2 protein chains.
Amino acid sequence: MSVEDKRVKRLPREVREKQILDAAVRVFSEHGYHEASMDEVSEVAGVSKPMIYAYLGSKEDLFAACIRREAGLLMEAIAGGVDPDLAPDMQLWMGLRSFFEFVASNKQSWRVLHRQVISQGGPFSEEVLAMRTRAINLVDALLSRVATKKGMDDHAQKSTEAMSAALVGAGESLADWWLDHPAVPTRTVASWLMNLAWMGFGDMVEGNVWTPSAH
Amino acid sequence: MSVEDKRVKRLPREVREKQILDAAVRVFSEHGYHEASMDEVSEVAGVSKPMIYAYLGSKEDLFAACIRREAGLLMEAIAGGVDPDLAPDMQLWMGLRSFFEFVASNKQSWRVLHRQVISQGGPFSEEVLAMRTRAINLVDALLSRVATKKGMDDHAQKSTEAMSAALVGAGESLADWWLDHPAVPTRTVASWLMNLAWMGFGDMVEGNVWTPSAH
DNA sequence: CCTCTTACCTACTCGTGAGTAAGAATACGG
DNA sequence: CCGTATTCTTACTCACGAGTAGGTAAGAGG
(Lines give C-alpha, C1' and ligand atoms only; values in the text may rest on other atoms or scores of the structure.)
Protein backbone atom coordinates (compact mmCIF):
# COMPACT_ATOMS: atom_id res chain seq x y z
CA MET A 1 0.00 0.00 0.00
CA SER A 2 2.79 2.40 0.82
CA VAL A 3 3.73 4.17 -2.39
CA GLU A 4 7.19 5.03 -1.09
CA ASP A 5 9.28 1.89 -1.31
CA LYS A 6 12.75 2.69 -2.48
CA ARG A 7 12.55 4.31 -5.87
CA VAL A 8 9.70 6.45 -7.00
CA LYS A 9 8.27 4.45 -9.86
CA ARG A 10 6.65 5.14 -13.18
CA LEU A 11 6.86 8.89 -13.35
CA PRO A 12 5.67 10.76 -16.44
CA ARG A 13 8.18 11.44 -19.17
CA GLU A 14 8.44 15.17 -18.47
CA VAL A 15 9.62 14.60 -14.92
CA ARG A 16 12.17 11.96 -15.90
CA GLU A 17 13.60 14.16 -18.63
CA LYS A 18 14.19 16.92 -16.14
CA GLN A 19 15.84 14.53 -13.68
CA ILE A 20 18.10 13.22 -16.42
CA LEU A 21 19.07 16.68 -17.60
CA ASP A 22 19.84 17.77 -14.04
CA ALA A 23 22.04 14.73 -13.52
CA ALA A 24 23.74 15.24 -16.88
CA VAL A 25 24.57 18.87 -16.09
CA ARG A 26 26.07 17.80 -12.81
CA VAL A 27 28.14 14.97 -14.26
CA PHE A 28 29.31 16.92 -17.30
CA SER A 29 30.25 19.85 -15.10
CA GLU A 30 32.34 17.60 -12.89
CA HIS A 31 34.18 15.59 -15.52
CA GLY A 32 33.76 17.34 -18.85
CA TYR A 33 32.18 15.78 -21.89
CA HIS A 34 34.63 13.00 -22.67
CA GLU A 35 35.38 11.80 -19.17
CA ALA A 36 31.72 11.66 -18.31
CA SER A 37 30.05 8.30 -18.84
CA MET A 38 26.44 7.62 -19.61
CA ASP A 39 26.47 5.02 -16.86
CA GLU A 40 27.31 7.65 -14.29
CA VAL A 41 24.60 9.94 -15.58
CA SER A 42 22.06 7.16 -15.34
CA GLU A 43 23.22 6.34 -11.82
CA VAL A 44 23.00 9.94 -10.63
CA ALA A 45 19.64 10.37 -12.31
CA GLY A 46 18.33 7.22 -10.61
CA VAL A 47 17.22 5.83 -13.95
CA SER A 48 18.54 3.06 -16.16
CA LYS A 49 20.57 3.83 -19.23
CA PRO A 50 18.07 2.88 -21.93
CA MET A 51 15.70 5.51 -20.56
CA ILE A 52 18.22 8.18 -21.37
CA TYR A 53 18.56 6.92 -24.92
CA ALA A 54 14.81 6.65 -25.28
CA TYR A 55 14.14 10.16 -24.04
CA LEU A 56 17.18 12.27 -24.88
CA GLY A 57 19.01 10.33 -27.60
CA SER A 58 22.74 9.84 -27.94
CA LYS A 59 25.45 11.21 -25.67
CA GLU A 60 25.98 14.11 -28.02
CA ASP A 61 22.27 14.84 -28.12
CA LEU A 62 22.17 14.79 -24.34
CA PHE A 63 25.07 17.17 -24.08
CA ALA A 64 23.57 19.51 -26.64
CA ALA A 65 20.32 19.51 -24.67
CA CYS A 66 22.24 20.49 -21.52
CA ILE A 67 24.03 23.31 -23.30
CA ARG A 68 20.83 24.61 -24.82
CA ARG A 69 18.99 24.61 -21.52
CA GLU A 70 21.76 26.21 -19.48
CA ALA A 71 22.66 28.74 -22.16
CA GLY A 72 19.01 29.69 -22.34
CA LEU A 73 18.89 30.24 -18.60
CA LEU A 74 22.02 32.38 -18.65
CA MET A 75 20.86 34.53 -21.54
CA GLU A 76 17.45 34.91 -19.96
CA ALA A 77 19.02 35.99 -16.69
CA ILE A 78 21.11 38.63 -18.40
CA ALA A 79 18.39 39.90 -20.69
CA GLY A 80 15.99 40.06 -17.77
CA GLY A 81 18.40 42.14 -15.72
CA VAL A 82 18.99 44.82 -18.33
CA ASP A 83 16.69 47.70 -19.19
CA PRO A 84 17.21 48.50 -22.90
CA ASP A 85 16.16 52.14 -22.39
CA LEU A 86 19.10 52.90 -20.13
CA ALA A 87 22.35 54.50 -21.22
CA PRO A 88 24.91 52.04 -22.66
CA ASP A 89 27.23 52.15 -19.68
CA MET A 90 24.35 51.43 -17.33
CA GLN A 91 23.24 48.58 -19.54
CA LEU A 92 26.74 47.14 -19.44
CA TRP A 93 26.78 47.53 -15.69
CA MET A 94 23.45 45.79 -15.20
CA GLY A 95 24.46 43.05 -17.62
CA LEU A 96 27.69 42.39 -15.76
CA ARG A 97 25.88 42.23 -12.44
CA SER A 98 23.31 39.81 -13.79
CA PHE A 99 26.03 37.67 -15.29
CA PHE A 100 28.02 37.37 -12.09
CA GLU A 101 24.90 36.77 -10.08
CA PHE A 102 24.02 33.92 -12.40
CA VAL A 103 27.47 32.40 -12.05
CA ALA A 104 27.30 32.71 -8.27
CA SER A 105 24.04 30.84 -7.98
CA ASN A 106 24.53 28.39 -10.84
CA LYS A 107 28.13 27.29 -10.61
CA GLN A 108 27.45 23.98 -12.30
CA SER A 109 25.67 25.56 -15.23
CA TRP A 110 28.56 27.92 -15.69
CA ARG A 111 31.09 25.11 -15.59
CA VAL A 112 29.28 23.08 -18.22
CA LEU A 113 28.97 26.06 -20.49
CA HIS A 114 32.46 27.44 -20.13
CA ARG A 115 34.42 24.22 -19.85
CA GLN A 116 33.75 23.16 -23.41
CA VAL A 117 33.85 26.57 -25.04
CA ILE A 118 37.38 26.07 -26.22
CA SER A 119 37.84 22.38 -26.82
CA GLN A 120 36.36 22.06 -30.26
CA GLY A 121 36.22 18.72 -31.98
CA GLY A 122 32.74 17.46 -31.27
CA PRO A 123 29.73 18.65 -33.25
CA PHE A 124 28.39 20.24 -30.09
CA SER A 125 31.00 22.93 -30.42
CA GLU A 126 28.55 24.67 -32.73
CA GLU A 127 26.04 24.78 -29.94
CA VAL A 128 28.51 26.25 -27.50
CA LEU A 129 30.17 28.63 -29.90
CA ALA A 130 26.76 29.92 -30.94
CA MET A 131 25.93 31.08 -27.45
CA ARG A 132 29.35 32.68 -27.05
CA THR A 133 28.84 34.51 -30.32
CA ARG A 134 25.47 35.71 -29.09
CA ALA A 135 27.12 37.12 -26.00
CA ILE A 136 29.78 38.88 -28.04
CA ASN A 137 27.18 40.35 -30.38
CA LEU A 138 25.17 41.59 -27.44
CA VAL A 139 28.15 43.50 -26.11
CA ASP A 140 29.12 44.62 -29.58
CA ALA A 141 25.69 46.15 -30.09
CA LEU A 142 26.27 48.28 -27.01
CA LEU A 143 29.81 49.30 -27.85
CA SER A 144 29.20 50.13 -31.47
CA ARG A 145 26.21 52.23 -30.48
CA VAL A 146 28.49 54.29 -28.26
CA ALA A 147 31.18 54.40 -30.91
CA THR A 148 28.77 55.65 -33.55
CA LYS A 149 27.22 58.27 -31.38
CA LYS A 150 30.59 59.59 -30.36
CA GLY A 151 31.72 59.62 -33.98
CA MET A 152 34.75 57.36 -33.83
CA ASP A 153 36.56 56.93 -37.12
CA ASP A 154 36.04 53.86 -39.29
CA HIS A 155 39.15 52.16 -38.10
CA ALA A 156 38.07 52.40 -34.49
CA GLN A 157 34.54 51.35 -35.44
CA LYS A 158 35.85 48.05 -36.68
CA SER A 159 37.49 47.45 -33.37
CA THR A 160 34.27 47.14 -31.39
CA GLU A 161 33.77 43.50 -32.34
CA ALA A 162 37.28 42.63 -31.21
CA MET A 163 36.75 44.64 -28.04
CA SER A 164 33.59 42.73 -27.34
CA ALA A 165 35.41 39.45 -27.76
CA ALA A 166 38.07 40.69 -25.36
CA LEU A 167 35.47 41.80 -22.84
CA VAL A 168 33.59 38.53 -22.95
CA GLY A 169 36.86 36.69 -22.47
CA ALA A 170 37.73 38.92 -19.56
CA GLY A 171 34.36 38.18 -18.00
CA GLU A 172 34.78 34.44 -18.39
CA SER A 173 38.25 34.49 -16.98
CA LEU A 174 37.23 36.69 -14.08
CA ALA A 175 34.31 34.39 -13.33
CA ASP A 176 36.74 31.49 -13.13
CA TRP A 177 39.03 33.45 -10.84
CA TRP A 178 36.04 34.25 -8.70
CA LEU A 179 35.20 30.56 -8.25
CA ASP A 180 38.50 30.31 -6.39
CA HIS A 181 37.87 33.46 -4.35
CA PRO A 182 34.25 33.22 -3.27
CA ALA A 183 34.67 35.69 -0.44
CA VAL A 184 34.55 38.65 -2.83
CA PRO A 185 30.98 39.95 -3.17
CA THR A 186 29.23 39.91 -6.51
CA ARG A 187 28.99 43.66 -6.68
CA THR A 188 32.71 44.08 -6.23
CA VAL A 189 33.69 41.67 -9.00
CA ALA A 190 31.23 43.29 -11.34
CA SER A 191 32.54 46.75 -10.57
CA TRP A 192 36.13 45.68 -11.17
CA LEU A 193 35.33 44.48 -14.64
CA MET A 194 33.12 47.48 -15.30
CA ASN A 195 35.94 49.81 -14.43
CA LEU A 196 38.46 47.91 -16.47
CA ALA A 197 36.12 47.99 -19.42
CA TRP A 198 35.05 51.59 -19.14
CA MET A 199 37.93 53.43 -17.50
CA GLY A 200 40.90 51.13 -18.03
CA PHE A 201 43.52 50.35 -15.47
CA GLY A 202 45.47 53.54 -16.08
CA ASP A 203 42.57 55.68 -15.03
CA MET A 204 41.81 53.59 -11.98
CA VAL A 205 45.21 54.15 -10.44
CA GLU A 206 44.64 57.86 -10.92
CA GLY A 207 41.54 57.55 -8.79
CA ASN A 208 39.10 57.95 -11.67
CA VAL A 209 36.46 55.31 -11.20
CA TRP A 210 33.14 54.67 -12.81
CA THR A 211 30.20 54.44 -10.39
CA PRO A 212 26.61 53.57 -11.16
CA SER A 213 25.33 56.74 -9.51
CA ALA A 214 27.15 59.20 -11.74
CA HIS A 215 25.58 57.84 -14.88
CA MET B 1 72.45 0.24 -52.20
CA SER B 2 70.32 3.35 -52.37
CA VAL B 3 69.84 4.58 -48.85
CA GLU B 4 66.68 6.51 -49.77
CA ASP B 5 63.94 3.95 -50.25
CA LYS B 6 60.71 5.25 -48.88
CA ARG B 7 61.14 6.05 -45.22
CA VAL B 8 64.27 7.51 -43.78
CA LYS B 9 65.50 4.74 -41.55
CA ARG B 10 67.32 4.44 -38.27
CA LEU B 11 67.55 8.02 -37.17
CA PRO B 12 69.00 8.89 -33.75
CA ARG B 13 66.62 9.13 -30.83
CA GLU B 14 66.79 12.93 -30.53
CA VAL B 15 65.54 13.44 -34.06
CA ARG B 16 62.71 10.97 -33.72
CA GLU B 17 61.58 12.53 -30.45
CA LYS B 18 61.34 15.89 -32.12
CA GLN B 19 59.37 14.44 -35.04
CA ILE B 20 56.99 12.77 -32.65
CA LEU B 21 56.49 15.89 -30.58
CA ASP B 22 55.85 17.95 -33.71
CA ALA B 23 53.29 15.45 -34.90
CA ALA B 24 51.67 15.30 -31.47
CA VAL B 25 51.32 19.08 -31.27
CA ARG B 26 49.67 19.09 -34.67
CA VAL B 27 47.27 16.25 -33.90
CA PHE B 28 46.37 17.50 -30.42
CA SER B 29 45.82 20.99 -31.78
CA GLU B 30 43.44 19.66 -34.39
CA HIS B 31 41.37 17.29 -32.30
CA GLY B 32 42.03 18.05 -28.66
CA TYR B 33 43.41 15.56 -26.18
CA HIS B 34 40.61 13.02 -26.03
CA GLU B 35 39.70 12.86 -29.70
CA ALA B 36 43.32 12.50 -30.70
CA SER B 37 44.51 8.92 -31.09
CA MET B 38 48.02 7.63 -30.66
CA ASP B 39 47.60 5.83 -33.98
CA GLU B 40 47.12 9.13 -35.76
CA VAL B 41 50.12 10.65 -34.03
CA SER B 42 52.25 7.72 -35.08
CA GLU B 43 50.97 8.00 -38.63
CA VAL B 44 51.67 11.72 -38.87
CA ALA B 45 55.07 11.28 -37.28
CA GLY B 46 55.94 8.53 -39.75
CA VAL B 47 56.87 6.22 -36.91
CA SER B 48 55.22 3.18 -35.43
CA LYS B 49 53.29 3.36 -32.17
CA PRO B 50 55.68 1.42 -29.94
CA MET B 51 58.37 4.00 -30.71
CA ILE B 52 56.22 6.67 -29.14
CA TYR B 53 55.74 4.63 -26.00
CA ALA B 54 59.43 3.79 -25.87
CA TYR B 55 60.55 7.40 -26.23
CA LEU B 56 57.81 9.56 -24.74
CA GLY B 57 55.77 7.25 -22.54
CA SER B 58 52.00 7.15 -22.20
CA LYS B 59 49.49 9.38 -23.94
CA GLU B 60 49.36 11.63 -20.90
CA ASP B 61 53.13 11.84 -20.77
CA LEU B 62 53.22 12.74 -24.43
CA PHE B 63 50.63 15.46 -23.97
CA ALA B 64 52.44 16.85 -20.96
CA ALA B 65 55.64 16.95 -22.97
CA CYS B 66 53.86 18.93 -25.69
CA ILE B 67 52.46 21.41 -23.20
CA ARG B 68 55.79 21.88 -21.50
CA ARG B 69 57.62 22.49 -24.74
CA GLU B 70 55.07 24.89 -26.21
CA ALA B 71 54.49 26.75 -22.97
CA GLY B 72 58.22 27.16 -22.63
CA LEU B 73 58.43 28.64 -26.11
CA LEU B 74 55.60 31.06 -25.41
CA MET B 75 57.01 32.25 -22.11
CA GLU B 76 60.44 32.59 -23.62
CA ALA B 77 59.07 34.65 -26.47
CA ILE B 78 57.29 37.01 -24.10
CA ALA B 79 60.13 37.31 -21.62
CA GLY B 80 62.56 37.90 -24.46
CA GLY B 81 60.44 40.72 -25.85
CA VAL B 82 60.16 42.71 -22.65
CA ASP B 83 62.78 44.98 -21.11
CA PRO B 84 62.32 44.89 -17.31
CA ASP B 85 63.80 48.37 -16.93
CA LEU B 86 61.03 50.05 -18.87
CA ALA B 87 57.99 51.72 -17.34
CA PRO B 88 55.12 49.32 -16.52
CA ASP B 89 52.89 50.46 -19.35
CA MET B 90 55.70 50.01 -21.84
CA GLN B 91 56.39 46.56 -20.44
CA LEU B 92 52.75 45.63 -20.84
CA TRP B 93 52.81 46.95 -24.37
CA MET B 94 55.89 44.98 -25.33
CA GLY B 95 54.52 41.88 -23.67
CA LEU B 96 51.28 42.12 -25.58
CA ARG B 97 53.09 42.57 -28.86
CA SER B 98 55.32 39.59 -28.20
CA PHE B 99 52.34 37.50 -27.23
CA PHE B 100 50.35 38.27 -30.37
CA GLU B 101 53.42 37.79 -32.53
CA PHE B 102 53.89 34.36 -31.02
CA VAL B 103 50.28 33.43 -31.65
CA ALA B 104 50.52 34.66 -35.24
CA SER B 105 53.52 32.53 -36.08
CA ASN B 106 52.66 29.51 -33.90
CA LYS B 107 48.95 29.00 -34.31
CA GLN B 108 49.17 25.30 -33.53
CA SER B 109 51.13 25.85 -30.36
CA TRP B 110 48.58 28.36 -29.23
CA ARG B 111 45.71 26.02 -29.97
CA VAL B 112 47.23 23.18 -27.98
CA LEU B 113 47.89 25.43 -25.04
CA HIS B 114 44.63 27.28 -24.97
CA ARG B 115 42.31 24.50 -25.98
CA GLN B 116 42.81 22.53 -22.82
CA VAL B 117 43.09 25.39 -20.37
CA ILE B 118 39.50 25.07 -19.37
CA SER B 119 38.59 21.43 -19.69
CA GLN B 120 39.98 20.09 -16.46
CA GLY B 121 39.76 16.41 -15.67
CA GLY B 122 43.07 14.97 -16.74
CA PRO B 123 46.15 15.19 -14.55
CA PHE B 124 47.76 17.38 -17.22
CA SER B 125 45.44 20.19 -16.21
CA GLU B 126 48.04 21.02 -13.58
CA GLU B 127 50.60 21.51 -16.29
CA VAL B 128 48.37 23.84 -18.24
CA LEU B 129 46.97 25.70 -15.29
CA ALA B 130 50.49 26.28 -14.01
CA MET B 131 51.48 28.18 -17.10
CA ARG B 132 48.30 30.20 -17.04
CA THR B 133 48.96 31.10 -13.43
CA ARG B 134 52.47 32.15 -14.36
CA ALA B 135 51.05 34.47 -16.98
CA ILE B 136 48.59 35.97 -14.52
CA ASN B 137 51.32 36.48 -11.92
CA LEU B 138 53.50 38.16 -14.50
CA VAL B 139 50.80 40.69 -15.26
CA ASP B 140 49.93 41.02 -11.60
CA ALA B 141 53.50 41.93 -10.77
CA LEU B 142 53.23 44.81 -13.22
CA LEU B 143 49.85 46.03 -12.11
CA SER B 144 50.49 45.85 -8.39
CA ARG B 145 53.72 47.74 -8.89
CA VAL B 146 51.76 50.55 -10.48
CA ALA B 147 49.08 50.35 -7.84
CA THR B 148 51.57 50.55 -4.99
CA LYS B 149 53.48 53.44 -6.47
CA LYS B 150 50.32 55.38 -7.07
CA GLY B 151 49.12 54.65 -3.57
CA MET B 152 45.85 52.89 -4.19
CA ASP B 153 43.95 51.87 -1.07
CA ASP B 154 44.04 48.31 0.25
CA HIS B 155 40.76 47.36 -1.31
CA ALA B 156 41.93 48.37 -4.74
CA GLN B 157 45.29 46.69 -4.16
CA LYS B 158 43.58 43.36 -3.76
CA SER B 159 41.90 43.82 -7.09
CA THR B 160 45.08 43.61 -9.14
CA GLU B 161 45.12 39.83 -9.14
CA ALA B 162 41.56 39.72 -10.38
CA MET B 163 42.38 42.38 -12.95
CA SER B 164 45.28 40.33 -14.18
CA ALA B 165 43.06 37.29 -14.55
CA ALA B 166 40.62 39.41 -16.52
CA LEU B 167 43.38 40.78 -18.73
CA VAL B 168 44.83 37.38 -19.46
CA GLY B 169 41.36 36.12 -20.33
CA ALA B 170 40.82 39.11 -22.58
CA GLY B 171 44.10 38.36 -24.33
CA GLU B 172 43.21 34.73 -24.88
CA SER B 173 39.78 35.56 -26.17
CA LEU B 174 41.12 38.26 -28.46
CA ALA B 175 43.74 35.88 -29.80
CA ASP B 176 40.97 33.43 -30.68
CA TRP B 177 38.98 36.18 -32.36
CA TRP B 178 42.07 37.10 -34.30
CA LEU B 179 42.46 33.57 -35.66
CA ASP B 180 39.17 34.19 -37.47
CA HIS B 181 40.22 37.66 -38.67
CA PRO B 182 43.81 37.24 -39.84
CA ALA B 183 43.72 40.38 -41.97
CA VAL B 184 44.19 42.60 -38.91
CA PRO B 185 47.88 43.34 -38.32
CA THR B 186 49.57 42.24 -35.12
CA ARG B 187 50.28 45.78 -34.02
CA THR B 188 46.64 46.75 -34.29
CA VAL B 189 45.33 43.87 -32.20
CA ALA B 190 47.93 44.54 -29.56
CA SER B 191 47.07 48.22 -29.42
CA TRP B 192 43.36 47.48 -29.05
CA LEU B 193 43.97 45.37 -26.00
CA MET B 194 46.52 47.80 -24.64
CA ASN B 195 44.03 50.61 -24.87
CA LEU B 196 41.26 48.59 -23.33
CA ALA B 197 43.54 47.67 -20.48
CA TRP B 198 45.08 51.05 -19.87
CA MET B 199 42.46 53.57 -20.95
CA GLY B 200 39.22 51.63 -20.99
CA PHE B 201 36.55 51.83 -23.61
CA GLY B 202 35.01 54.97 -22.21
CA ASP B 203 38.17 56.94 -22.73
CA MET B 204 38.72 55.58 -26.22
CA VAL B 205 35.46 56.94 -27.51
CA GLU B 206 36.46 60.31 -26.11
CA GLY B 207 39.55 60.16 -28.31
CA ASN B 208 41.96 59.51 -25.46
CA VAL B 209 44.24 56.76 -26.62
CA TRP B 210 47.43 55.34 -25.27
CA THR B 211 50.34 55.35 -27.71
CA PRO B 212 53.80 53.87 -27.22
CA SER B 213 55.48 57.18 -28.07
CA ALA B 214 53.95 59.24 -25.27
CA HIS B 215 55.29 56.95 -22.63
C1' DC C 1 82.87 -12.57 -38.77
C1' DC C 2 80.73 -12.43 -34.20
C1' DT C 3 78.25 -9.84 -30.51
C1' DC C 4 75.79 -6.31 -28.34
C1' DT C 5 73.13 -2.37 -28.45
C1' DT C 6 69.86 0.53 -30.40
C1' DA C 7 66.23 1.57 -33.76
C1' DC C 8 62.15 -0.19 -35.39
C1' DC C 9 57.92 -2.95 -36.81
C1' DT C 10 53.75 -6.30 -37.14
C1' DA C 11 50.31 -8.02 -34.82
C1' DC C 12 48.27 -8.73 -31.08
C1' DT C 13 45.41 -8.11 -25.95
C1' DC C 14 42.08 -6.27 -23.37
C1' DG C 15 39.38 -2.74 -20.74
C1' DT C 16 36.01 0.51 -21.27
C1' DG C 17 32.01 2.66 -22.53
C1' DA C 18 28.37 3.81 -26.18
C1' DG C 19 24.41 1.96 -27.69
C1' DT C 20 20.56 -1.99 -27.95
C1' DA C 21 17.51 -6.24 -27.80
C1' DA C 22 14.02 -8.17 -25.60
C1' DG C 23 10.93 -8.29 -22.41
C1' DA C 24 8.63 -7.22 -17.43
C1' DA C 25 5.57 -4.39 -14.88
C1' DT C 26 2.06 -0.86 -14.42
C1' DA C 27 -1.61 2.12 -15.71
C1' DC C 28 -5.72 3.09 -18.47
C1' DG C 29 -9.57 3.03 -21.84
C1' DG C 30 -13.17 0.32 -23.25
C1' DC D 1 -11.24 -8.18 -17.47
C1' DC D 2 -8.63 -7.65 -21.81
C1' DG D 3 -5.87 -5.20 -25.18
C1' DT D 4 -2.64 -1.53 -25.73
C1' DA D 5 0.39 2.11 -24.83
C1' DT D 6 3.93 3.67 -21.69
C1' DT D 7 7.44 3.24 -18.29
C1' DC D 8 11.36 0.82 -17.01
C1' DT D 9 15.05 -2.88 -16.40
C1' DT D 10 18.55 -6.58 -16.96
C1' DA D 11 21.87 -8.15 -19.64
C1' DC D 12 23.94 -8.11 -23.46
C1' DT D 13 26.95 -6.62 -28.23
C1' DC D 14 30.54 -4.46 -30.32
C1' DA D 15 33.93 -0.98 -31.88
C1' DC D 16 37.62 1.64 -30.71
C1' DG D 17 41.83 2.84 -28.93
C1' DA D 18 45.60 2.57 -25.23
C1' DG D 19 49.23 -0.14 -24.37
C1' DT D 20 52.42 -4.49 -25.28
C1' DA D 21 54.73 -8.94 -26.60
C1' DG D 22 57.96 -10.52 -29.24
C1' DG D 23 60.83 -10.32 -32.94
C1' DT D 24 63.77 -8.20 -37.06
C1' DA D 25 67.41 -5.64 -38.80
C1' DA D 26 71.10 -2.40 -38.92
C1' DG D 27 75.16 -0.28 -37.43
C1' DA D 28 79.35 -0.19 -33.81
C1' DG D 29 83.22 -2.26 -31.84
C1' DG D 30 86.17 -5.81 -31.54
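For clarity, every value in this text was computed on a predicted model and none was experimentally measured. We name chains A, B, ... by the order of the sequence lines, and we start the count at 1 in each one.
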Find the distance [X]:[atom1] to [N]:[atom2] and express it as a whole number of Å.
X: Met51(B); N: dA18(D); atom1: CE; atom2: C1'; answer: 18 Å
X: Ile52(B); N: dA7(C); atom1: CD1; atom2: P; answer: 16 Å
X: Glu14(B); N: dC8(C); atom1: CD; atom2: P; answer: 13 Å
X: Tyr55(B); N: dG19(D); atom1: OH; atom2: P; answer: 19 Å

For this session: For residues Ile136(B) and Glu161(B), report the shortest heavy-atom separation together with the two atoms involved.
Result: CG2-O, 4.2 Å
Seminar exercise, completed: What one should report as the nearest heavy-atom pair of Met75(B) and Met131(B) is CE-O, 3.3 Å
Exercise. With a 3.5 Å cut-off and no angle check, do the side chains of Thr160(A) and Arg145(A) form a donor-acceptor pair?
Worked result: no
Exercise. Can a donor-acceptor pair be found between the side chains of Trp110(A) and Glu70(A) at a distance below 3.5 Å?
Worked result: no
Donor-acceptor list for residues 90-100 of chain A side chains, cut-off 3.5 Å, not counting sequence neighbours:
residue, atom, partner, partner atom, Å
Gln91(A), NE2, Pro84(A), O, 3.3
Gln91(A), NE2, Leu86(A), O, 3.0
Ser98(A), OG, Met94(A), O, 2.9

Exercise. OP1 or OP2 of dA7(C) less than 4.0 angstrom from a side-chain nitrogen or oxygen of Arg13(B), does that happen here?
Worked result: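 Answer is no, no contact under 4.0 Å.
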Seminar exercise, completed: Per-nt protein contacts along nucleotides 17-30 of chain C (heavy atom under 4.0 Å; B base, S backbone sugar-phosphate only, - none) come out as -BBBB---BB----
For this session: Apply side chain to side chain donor-acceptor pair (under 3.5 Å) to Asp61(B) and list each qualifying residue two or more places apart in sequence or on a separate chain.
Result: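 Asp61(B): side chain to side chain donor-acceptor pair (under 3.5 Å) contacts with Ser58(B).
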